[in-house]
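Here the structure is laid out as structure tokens; the discussion comes afterwards.
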Amino acid sequence: MVSILRRLRRTKVRDYAYISARVRVMRRSLIPADEYRKLLNMEFNEIIRYLEETQYKKEIDELTHKYSGVRLLEYALNMNLCATYNKLVRISSGIPRALVTEYLRKWDVQNIKSIIRGKLFGFPDEEIKESFVGAGEYKYEDLVALLSRDTVEDVINALQGTPYHEILKEVGTKPLSEIEDELDKLYYTRLLDIRPESEDVRYLLEFIRMEVDLKNIKTILRLKVEDGTYDEIMKSIIPGGYQISVDEARKLANMSWDEVMRGLESYWFWDAISEKVKEGAPLSILEVYLDKYWCNTVISKSNHYPLSILPVLAYIILKKVETDNLRIIARGKLEGVPKEAIEEQLVIV
Amino acid sequence: MAIDVKPTRSELIKLKRRIKLSEKGYELLKMKRDGLIMEFSETLSMARGVLEKLRESYENAEQKISIAKAIDGTIMVRSAALAAKSEPEFELRSKNIMGVVVPVVKRKRVRKKLSEREYGIIGTTARIDEATSAYEELIDAILEAAEIETTLLRLLEEIERTKRRVNALEFKVIPEMKEAKKYIEFALQEMERDNIIRLKKIKAKAEA
């Protein structure tokens, strides 16, 4: 897939026009912002009934005979997310398809992490399967086949020849947290490794680099709050950020918390969190505001460049945000979390 | 009369001494009982705060973990919990409250640093950090509640024991001793009167 991207290719405008138009239609099926207020006032069973009137109907109907409660919701949301992303790949062609496929490989990393963690900690296979989103190179059946291996070593051996194997063979000798971070870094470095030989790829790379910025700043803030050392921070920094490169990260890693806050004022995402930082909001809230800002940034960019990969990437992000929001509301309702506490965790754009 | 005594002067002297000692002990035990009750009331109002804090910590932890499960996934959250290999460390000492030995739980650092927790940072969010911190605070609250509940229980036991001793002294031991003292005094007076009459008779006979 990467070799296709590396080859010089004439950008086919019709490829982008078609997929952008399809994605514009698909976006209309996303839950509107004002509907979340209604969902916040519903009980869990009412939320399920509401979702049965939406694009989630198929998955809920399929699973309702076997699952109930939060497991039904989780599984249905994951299945729908997977089906939606696979549809995006199916309806796109040429360079857009290649770019989308590359971007969705993040789900391979996520699924492999779930399998390794699940096996190491003895989770039932059924529960691990429910977390699968087979939207990357490994589809649901591939993941189930991987999961069916007896031991973690068998799973790792089955991934021989893939880029993940080099990292995963350290399972047991390195902490699992380090291995997971390495897998995430591998995903981003592989993407950023693509040479920007055409405009469309440049859009993707800029998008990825900004996403890397957000990952890096969240890592730095989380570790700073916990008095993380310079080495601990730098171990988790993804190279290739838009503004938060490795060198920038080194500077931030050496600063105190207050110095970091002052240092952030020059970054592109500062407006998103400046007020909340002054209020002393907890990190999870800062993350919510960063995610909201990211969604709005991507939407704005996709409106500026409608004949590019950006509308598709915007939709991918908005779809994920929607499923996360639904999960937060449903779990929050089940656990009796106050409405205000649920609402402040939602990314509503 | 429960106390079996010989009606002699020496017994009377011994008994008087015992009564004095018992009355003194009774006063001291009453003071101890009252002091323990005061300590118990103070500890009880502290306990209300501690138990309220425990309830709030529990609710907060449950809420945080449900949000973390929604975003970071059940497998990540549950396995992060299972991966926590070390147990909370604490030092158990004791202190003395009016003769009652109560525990003092000296909590060592329960909080793990983010880098010590068993989950990758890049692929997770701050929600799982906050859930982990909330549960670590809950452990602190549980240890504090355990200390104060044990203190209350021990104080209560000691108050009961002291009350029983006070009541025993007030309604049984001292009254019985006083009864015995009355008996001895009466018996001695009787003997005195007997002696006087005997002497009068002897004198009358001697004069006759």
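Residue numbers begin at 1 in each chain, while the letters A, B, ... track the order of the sequences.
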Q | Arg127(B) and Glu130(B) ion-paired at < 4.0 Å | A |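 Salt bridge between Arg127(B) and Glu130(B), a charged N being under 4.0 Å from a carboxylate O: no.
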Q) Less than 4.0 Å between a side-chain N and a carboxylate O, is that true for Lys215(A) and Glu211(A)? A)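 Here Glu211(A) does not pair with Lys215(A) in a salt bridge, since their nearest N and O are not under 4.0 Å apart.
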Q: Name the option with the most non-hydrogen atom pairs under 4.5 Å to chain B; the candidates are Val225(A), Leu326(A), Asp324(A).
A: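 Top option by heavy-atom pairs under 4.5 Å: Asp324(A).
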Q: Quick one: which of Glu287(A), Glu335(A), Glu178(A) has the most heavy-atom pairs under 4.5 Å with chain B, could you say?
A: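 Among the listed options, the one with the most contacts to chain B is Glu287(A).
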Q) Checking Gln345(A) against chain B: side chain, backbone, both or neither under 4.5 Å from a heavy atom? A)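 When you check distances to chain B, atoms from both the backbone and side chain of Gln345(A) fall under 4.5 Å.
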Q | Heavy-atom contact with chain B under 4.5 Å, split by part of Ile238(A) | A |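 Contact with chain B is through the side chain of Ile238(A) alone.
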Q | Any donor-acceptor N or O pair under 3.5 Å, side chains Arg222(A), Ser236(A) | A |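 Not at all, the side chains of Arg222(A) and Ser236(A) share no donor-acceptor pair under 3.5 Å.
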(Q) For chain A, which candidate among Thr125(B), Ile67(B), Ile128(B), Asn60(B) shows the most heavy-atom pairs at distances under 4.5 Å? (A)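 Heavy-atom pair counts peak at Thr125(B).
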Q.
Tell me which one of Val288(A), Leu39(A), Leu40(A) satisfies side chain to side chain contact (heavy atoms under 4.5 Å, CB included) with Leu346(A).
A.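 For Leu346(A), the side chain to side chain contact (heavy atoms under 4.5 Å, CB included) test succeeds with only one of Val288(A), Leu39(A), Leu40(A), which is Leu40(A).
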Q | Test side chain to side chain contact (heavy atoms under 4.5 Å, CB included) applied to Lys113(A) and Leu168(A), Asp184(A), Asp108(A), the passing residue | A |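 So, applying the side chain to side chain contact (heavy atoms under 4.5 Å, CB included) to Lys113(A) and each of Leu168(A), Asp184(A), Asp108(A), only Asp184(A) qualifies.
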